[in-house]
Amino acid sequence: MLSLKPTTTPLNNNPNISSDRSFSSISTATAGKDGDLRRKTRVAVSGSKLRRRGSVRAAISSGDNKTETVSSNSSVPAHQSEDNSNGSLKKKKPSKGIEVRAVMTIRKKMKEKLAEKMEDQWEFFVNGIGQGIQIQLISEEVDPVTNSGKSIQSSVRGWLPKPTNHLHIVEFAANFIVPKDFGCPGAVLVTNLHGKEFYLLEIVIRGFDGGPIFFLANTWIHSRNDNPESRIIFKNQAYLPSQTPAGLKDLRREDLLSIRGNGKGQRKLHDRIYDYDVYNDLGKPENKDLARPVIGGEKRPYPRRCRTGRPPSKSDPLSETRIEKPHPVYVPRDETFEEIKQNTFSAGRLKALLHNLIPSIAASLSSSDISFNCFTDIDKLYNDGFFLKDEDQNEVSFTFPVMGKFMKQVMSVQERLFKYDVPAVIRRDRFSWLRDNEFARQCLAGVNPVSIELLKNPHDQLQEFPILSKLDPAKFGAPESAITKELLEQELGGMSVEKAIEDKKLFILDYHDMLLPFIERMNSLPGRKAYASRTVFFYTKSGVLKPLVIELSLPPSSSSLESNKTVYTHGHDATTHWIWKLAKAHVCSNDAGVHQLVNHWLRTHACMEPYIIATHRQLSSMHPVYVLLHPHMRYTLEINALARQSLINGGGIIEASFSPGKYAMELSSAAYESQWRFDMEALPADLLRRGMAVEDPSMPCGVKLVIEDYPYAADGLLVWSAIKEWVESYVEHHYVEPNSVRTDVELQAWWDEIKNKGHYDKRNEPWWPKLETKQDLSGVLTTIIWIASGQHAAINFGQYPFGGYVPNRPTLLRKLIPHEDDTDYEKFMLNPQRTFLSSLPTQLQATKVMAVQDTLSTHSADEEYLGQVNPLHTHWTNDQIILKIFSKYSAQLEEIDKIINKRNKDNRLKNRSGAGVPPYELLLPTSGPGVTGRGIPNSISI
């Protein structure tokens with residue numbers, strides 16, 4: 001009987017993203033017109049493939065309790081085994097067998113238009129007559145006649161929607177009678193005969209020995225009109241390639257072949273093809289102001305992104321034509337946002353911001369872009385908000401109705417406005433940002449705690465003293481820093497530099513070599529003035545960092561290679577105090593740019609994308625490593641595609657709001673070339689590289705922190721250790737034999753592709769880890785999961801809490817520091833506050849970046865956090881041992897939550913507690929929705 005019933009069993013969270021398939025498991029591959037690989041087969045409704053399967057029999061119950069019996073037998077003549085007009089097979093007499101029940105669970109749209117609801121009713125009718133969905137069970141056992149998995153097929157009938165325990169979820173079921181020797185089903189083929197796609201959550205088969213069998217889907221099933229091939233869904237059992245049941249081997253291989261495509265043709269939105277390309281879609285070559293170079297290749301190395309196959313620009317054949325908002329950029333279909341996530345964006349986040357909000361704010365500021373005249377102007381952003389004109393509010397409500405609901409939350413009775421929450425950095429102490437100790441504290445506990453390094457002796461490999469540049473002196477002048485031994489000792493209060501270095505008390509924030517090659521071009525842009533900077537800190541006896549000196553450098557003039565470096569100290573008189581404040585602002589601006597373009601975008605978003613592409617292309621959805629990594633890939637390709645469309649593109653938000661401007665991605669590329677190494681992305685390795693930790697085998701992660709009160713590192717090592725233990729146990733369970741890692745053909749192809757395709761420009765580097773042992777594999781997987789979860793959380797979700805107050809982290813400065821012979825020096829002496837404020841971003845620039853930071857710091861309501869499983873996705877694996885290991889992992893993360901909260905209450909840890917000091921919560925594992933400044937999602941989802 002085909003019927004609906006309430007959903008009583010939680011669904012799983014293992015979307016086995018498998019490729020489009022036909023019913024045959026043995027076929028030839030050919031290139032389709034769109035560039036994906038298609039096979040020369042027809043869908044099984046023709047019956048041509050059923051003749052090649054073994055002797056099978058199935059019965060489908062209809063709503064009137066009458067049983068239809070269907071069969072397929074390789075010895076039956078073709079005209080007897082073909083489908084009849086309604087998609088079912090010719091009726092045969094029933095024989096004894098096993099009665100099983102297959103239940104398909106489908107998620108409907110949360111919000112449907114009237115036309116869509118009418119389409120649903122038509123779908124119910126089409127399914128009722130057996131012309132909507134076809135399913136075919138594939139056994140793990142081989143039919144000796146066909147030499148492929150035994151199979152049975154049926155058409156769904158009688159889909160009658162009834163309420164379930166989960167809103168927007170419907171079920172239907174089909175009963176089968178299969179031979180006793182059929183074996184265990186290992187895969188289900190699904191053919192969608194409707195005119196539009198549907199979202200399949202899972203298929204559950206009951207009736208076989210051993211209990212229900214779960215086939216995890218969480219995938220869009222395309223219409224046969226878009227792609228004639230059927231979809232294949234494997235059960236929730238992980239197999240290494242060598243362990244694959246005989247009846248599934250061909251399907252496993254074809255699944256990977258189909259998902260790779262052949263690198264040709266333009267991708268369509270229903271496709272599920274994963275391939276690589278360079279960043280050649282950031283600019284508009286036809287517009288001189290928006291033309292941008294290709295990022296990726298020998299001249300500008302970079303990780304690869306997901307290929308879309310759009311045609312080349314007419315103005316530049318090396319550049320791809322752009323797709324502008326609101327049209328979507330292609331990502332494989334299952335990588336797109338789910339409806340809840342999309343609604344979060346629609347409700348006043350990124351897309352609303354880019355489509356409507358910024359123009360409305362610009363209008364409210366009048367035709368001229370103005371500076372902040374006093375700090376009260378900045379405070380008004382949080383206290384009062386921006387008042388929008390009537391025509392602006394009408395435009396927002398009309399063109400983006402969901403936006404109106406968001407605006408109502410922050411509007412007065414009579415006037416609409418856009419109001420920002422008070423950022424955490426000033427919520428407890430409005431003036432904390434002014435103090436030197438807070439400036440230094442944020443290097444350890446802020447949004448960019450991954451740049452500070454230990455200043456070491458010349459024989460060490462890290463930044464050494466005397467400080468020297470590695471840039472070409474013929475272009476950039478003498479390599480020696482202006483920060484001398486004598487200057488430092490004036491600030492050390494009697495301690496020698498040698499003693500301070502020996503005791504590991506001196507630290508440096510060094511952006512000199514990264515920025516100096518770009519400074520001349522950056523300063524030629526309108527309204528941009530920047531320096532290359534170095535800042536030296538001293539770790540005091542009281543347990544806090546203290547900034548000693550700041551060096552700001554400009555490139556040598558074209559006529560001379562004389563040094564153009566200036567050193568600033570905090571001083572005690574009023575003039576020196578304000579000059580010092582301006583110098584700190586330039587350091588913060590540099591830090592904001594490097595954070596966004598290098599540590600955030602490059603090291604997490606961009607570098608993660610090739611890992612995701614390679615995982616889909618080379619690891620079957622049955623592969624245990626695929627199962628492990630799958631939660632850590634959610635939404636990343638989609639958010640990266642949106643970034644290429646509106647954030648890092650030519651003329652986008654990043655260029656408009658950060659100091660490097662149009663050279664932003666070139667700077668990111670230079671950092672990738674000179675700094676990025678996969679082996680240094682592991683947290684312990686990164687801490688050792690920067691001198692922030694020393695090796696200590698007695699410690700859980702093998703390292704001991706140089707500064708114990710380093711909140712990012714201390715909490716991060718807890719999370720890293722939990723991930724590492726989980727991964728090691730997982731790998732140990734699946735790779736039993738000593739040589740099983742080396743002989744895993746899919747795994748070796750995956751690692752080879754990451755190195756030689758995903759990070760093509762780094763393919764010849766000697767530092768790539770080998771992948772030969774279980775220890776090698778555990779290290780690689782722990783690093784990837786850390787990047788996607790803990791590392792991204794630590795440097796992303798604090799963007800608005802720290803950057804939402806513009807003076808604390810200005811993303812650009814518009815003036816150089818005035819000198820006595822400058823024309824503006826007198827204005828500075830008369831009103832230093834006005835000089836400071838006029839150096840900050842303008843009101844429009846500030847509100848643009850604040851809105852983006854607010855968006856990027858927001859957790860969606862459907863966020864999935866580290867160590868947690870969505871209640872609808874509990875059957876992600878059928879391996880009880882793995883479930884126990886995961887339960888232990890989850891418990892560890894719950895304990896970490898308690899440890900971090902306890903640390904935040906420890907008054908001895910001054911970088912995370914004290915009067916007005918915000919607690920360090922960025923690595924607390926869980927969070928609620930919104931801007932919370934805490935929570936570690938499984939993946940880079942924003």
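Residues: numbered from 1 along the sequence shown.
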Asker: Calculate, to the nearest 0.5 Å, the distance between atoms CD1 and CD belonging to Ile723 and Gln892 respectively.
Answerer: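 One finds 10.5 Å between CD1 of Ile723 and CD of Gln892.
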Asker: Decide whether Gln618 and Arg260 meet the rule of one side-chain donor and one side-chain acceptor closer than 3.5 Å.
Answerer: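 Gln618 vs Arg260: donor-acceptor pair found between side chains.
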Asker: So, the side chain of Lys762 versus the backbone of Glu673: is there a donor-acceptor pair under 3.5 Å, distance only?
Answerer: yes
Asker: Strictly distance-based, threshold 3.5 Å: is any side-chain N or O of Thr782 a donor or acceptor partner for the main-chain N or O of Gly779?
Answerer: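 A pair under 3.5 Å: no.
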Asker: Taking C-beta and beyond as the side chain, do Tyr730 and Val625 meet within less than 4.5 Å on heavy atoms?
Answerer: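 Of all side-chain heavy-atom pairs linking Val625 with Tyr730, none is under 4.5 Å.
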Asker: Ser721 side chain to Leu717 main-chain N or O, any donor-acceptor pair under 3.5 Å?
Answerer: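 Checking the backbone N and O of Leu717 against the side chain of Ser721, no donor-acceptor pair under 3.5 Å is found.
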Asker: Check the pair Phe678, Trp768 against ring-ring contact (aromatic ring centres under 6.0 Å, His included), reporting the backbone distance first and the verdict last.
Answerer: CA-CA 7 Å; Phe678 180 88; Trp768 282 103; 5.8 Å; yes
Asker: Checking the side chain of Asp752 only, and the main-chain atoms of Gln748 only, is there a donor and an acceptor separated by less than 3.5 Å?
Answerer: no
Asker: Going from CG on Asp271 to CZ on Arg333, what distance comes out if it is rounded to the nearest 0.5 angstrom?
Answerer: 11.5 Å
Asker: Between the side chains of Asp744 and Tyr735, is a donor N or O closer than 3.5 angstrom to an acceptor N or O?
Answerer: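 Tyr735 and Asp744 do have a side-chain donor-acceptor pair below 3.5 Å.
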Asker: To the nearest 0.5 Å, how far apart are CZ in Arg307 and CD in Gln266?
Answerer: 9.0 Å
Asker: Using modelled atom types and a 3.5 Å cut-off, is there a donor and acceptor pairing between side-chain atoms of Ser258 and backbone atoms of Glu254?
Answerer: no
Asker: Can Asn280 and Arg305 be counted as having a side-chain donor-acceptor contact under 3.5 angstrom?
Answerer: yes
Asker: Less than 4.0 Å between a side-chain N and a carboxylate O, is that true for Lys268 and Asp226?
Answerer: no
Asker: Using distance alone, with no hydrogens and no angle criterion, decide if Asp879 and His734 have a side-chain donor and acceptor under 3.5 Å apart.
Answerer: no
Asker: So Tyr889 and Trp726, would you call those rings parallel, tilted or perpendicular, with 30° and 60° as cut-offs?
Answerer: parallel
Asker: If you round to the nearest 0.5 Å, how far is CD of Glu681 from CH2 of Trp676?
Answerer: 6.5 Å
Asker: How far does CD of Glu737 sit from OG of Ser242, to the nearest 0.5 angstrom?
Answerer: 9.0 Å
Asker: For a side chain to side chain donor-acceptor pair (under 3.5 Å) with Tyr274, tell me which candidate from Arg267, Arg617, Glu335 qualifies.
Answerer: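 The side chain to side chain donor-acceptor pair (under 3.5 Å) with Tyr274 is passed solely by Glu335 among Arg267, Arg617, Glu335.
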Asker: Taking atom types as modelled and ignoring hydrogens, do the side chains of Ser620 and Glu746 form a donor-acceptor contact shorter than 3.5 angstrom?
Answerer: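 Checked: Ser620/Glu746 side chains show no N/O donor-acceptor pair below 3.5 Å.
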Asker: Would you please classify the geometry between the Tyr635 ring and the Phe337 ring as parallel, tilted or perpendicular, with 30° and 60° separating the classes?
Answerer: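 Aromatic pair Phe337/Tyr635 classed perpendicular.
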Asker: Without swapping roles, check the side chain of Arg763 against the backbone of Lys757 for a donor-acceptor pair under 3.5 Å.
Answerer: no
Asker: For the residue pair Ser451 / Asn599, report whether a side-chain donor-acceptor contact shorter than 3.5 Å exists.
Answerer: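 Short answer, yes.
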Asker: So do the side chains of His600 and Asn796 get within less than 4.5 Å of each other, counting heavy atoms only?
Answerer: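 In contact.
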Asker: Can you say whether the rings of His630 and Tyr626 are parallel (under 30°), tilted (30 to 60°) or perpendicular (over 60°)?
Answerer: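 The arrangement is tilted - the two ring planes meet at 30° to 60°.
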Asker: Mark yes when over 12 heavy atoms from residues, nucleotides or ligands other than Tyr760 sit less than 6.0 Å from its OH; otherwise mark no.
Answerer: no
Asker: Do Tyr302 and Ser668 get their side chains close enough for a donor-acceptor pair, meaning under 3.5 Å?
Answerer: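 Per modelled atom types, Tyr302 and Ser668 side chains form a pair under 3.5 Å.
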Asker: Are the side chain of Glu609 and the backbone N or O of Pro303 linked by a donor-acceptor pair below 3.5 Å?
Answerer: no
Asker: Which residue, His623, Glu140, Arg252, forms the side chain to side chain donor-acceptor pair (under 3.5 Å) with Thr244?
Answerer: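 Per the side chain to side chain donor-acceptor pair (under 3.5 Å) rule, the option paired with Thr244 is Arg252, out of His623, Glu140, Arg252.
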Asker: Nearest 0.5 Å please: distance from the CZ atom of Phe234 over to the CE atom of Met622.
Answerer: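 Spacing of CZ (Phe234) from CE (Met622) equals 4.0 Å.
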Asker: Is it possible for you to check whether Lys249 lies under 6.0 Å from the centre of the six-membered ring of Tyr239, through NZ or CZ, and within 45° of that ring's axis?
Answerer: no
Asker: With no hydrogens and no angle check, is any side-chain donor or acceptor of His616 less than 3.5 Å from a backbone partner on Ile259?
Answerer: no
